[in-house]
Amino acid sequence: MQTNSRIADRYISKGGRLPGYDRSAFVDDLITAATFLAWAEDDRAFYAGHTAAEAFKAMCRMLDMDLVQLRKIAMGE
């Protein structure tokens with residue numbers, strides 16, 4: 001008999017993706033993260049030793065995305 005977690009592992013990825021996670025869902029998630037980080041840059045606060053600006057830059061490096069263009073989209077420019 002399988003436990004609930006093993007059953008869930010068959011349908012939900014470790015990152016929380018459900019079956020059918022597509023480009024549109026990826027873009028929605030990216031905009032959610034980018035918008036939060038771009039707007040939080042003005043806060044100048046440190047969380048876990050990093051600023052929102054550093055986190056935004058790290059996310060763009062990981063995704064190999066244009067930092068300036070993504071910031072403009074997230075800021076509604």
Side-chain angles (χ1 to χ4, degrees):
M1 189 164 141
Q2 293 184 337
T3 65
N4 288 340
S5 63
R6 285 188 182 168
I7 293 169
D9 287 346
R10 292 176 49 199
Y11 300 101
I12 302 172
S13 76
K14 292 183 187 296
R17 289 183 180 182
L18 298 173
Y21 188 86
D22 58 6
R23 186 178 191 281
S24 177
F26 173 83
V27 170
D28 287 345
D29 284 346
L30 176 61
I31 293 301
T32 298
T35 302
F36 172 79
L37 291 170
W39 283 97
E41 282 182 324
D42 292 335
D43 188 14
R44 305 278 188 244
F46 279 83
Y47 299 102
H50 297 282
T51 64
E54 291 169 335
F56 189 81
K57 289 174 186 175
M59 181 184 72
C60 288
R61 284 192 303 269
M62 290 185 321
L63 297 170
D64 196 22
M65 300 194 81
D66 184 310
L67 174 81
V68 174
Q69 291 301 319
L70 183 55
R71 181 179 285 117
K72 284 182 179 181
I73 292 167
M75 299 296 284
E77 298 174 359

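In this chain, numbering begins with 1 at the start of the sequence shown. Computed from a predicted model, the values in this text were never measured in an experiment.
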What's the shortest heavy-atom distance between [X] and [Y], and which atoms?
X   : Y   : answer
M59 : A33 : SD-CB, 3.8 Å
F26 : Y21 : CA-OH, 3.3 Å
L37 : A52 : O-CB, 3.6 Å

With hydrophobic residues grouped by side-chain heavy-atom distances under 4.5 Å, do M75 and L70 end up in a single group?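 They do not share one cluster, since no chain of ILVMFWY contacts under 4.5 Å joins M75 to L70.
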Please tell me whether L67 and F36 are part of a single hydrophobic cluster in this structure, the criterion being side-chain heavy atoms less than 4.5 Å apart. yes
Pairs flagged by side chain to side chain donor-acceptor pair (under 3.5 Å) wherever residues 63-77 is involved - sequence neighbours left out: E41-R71
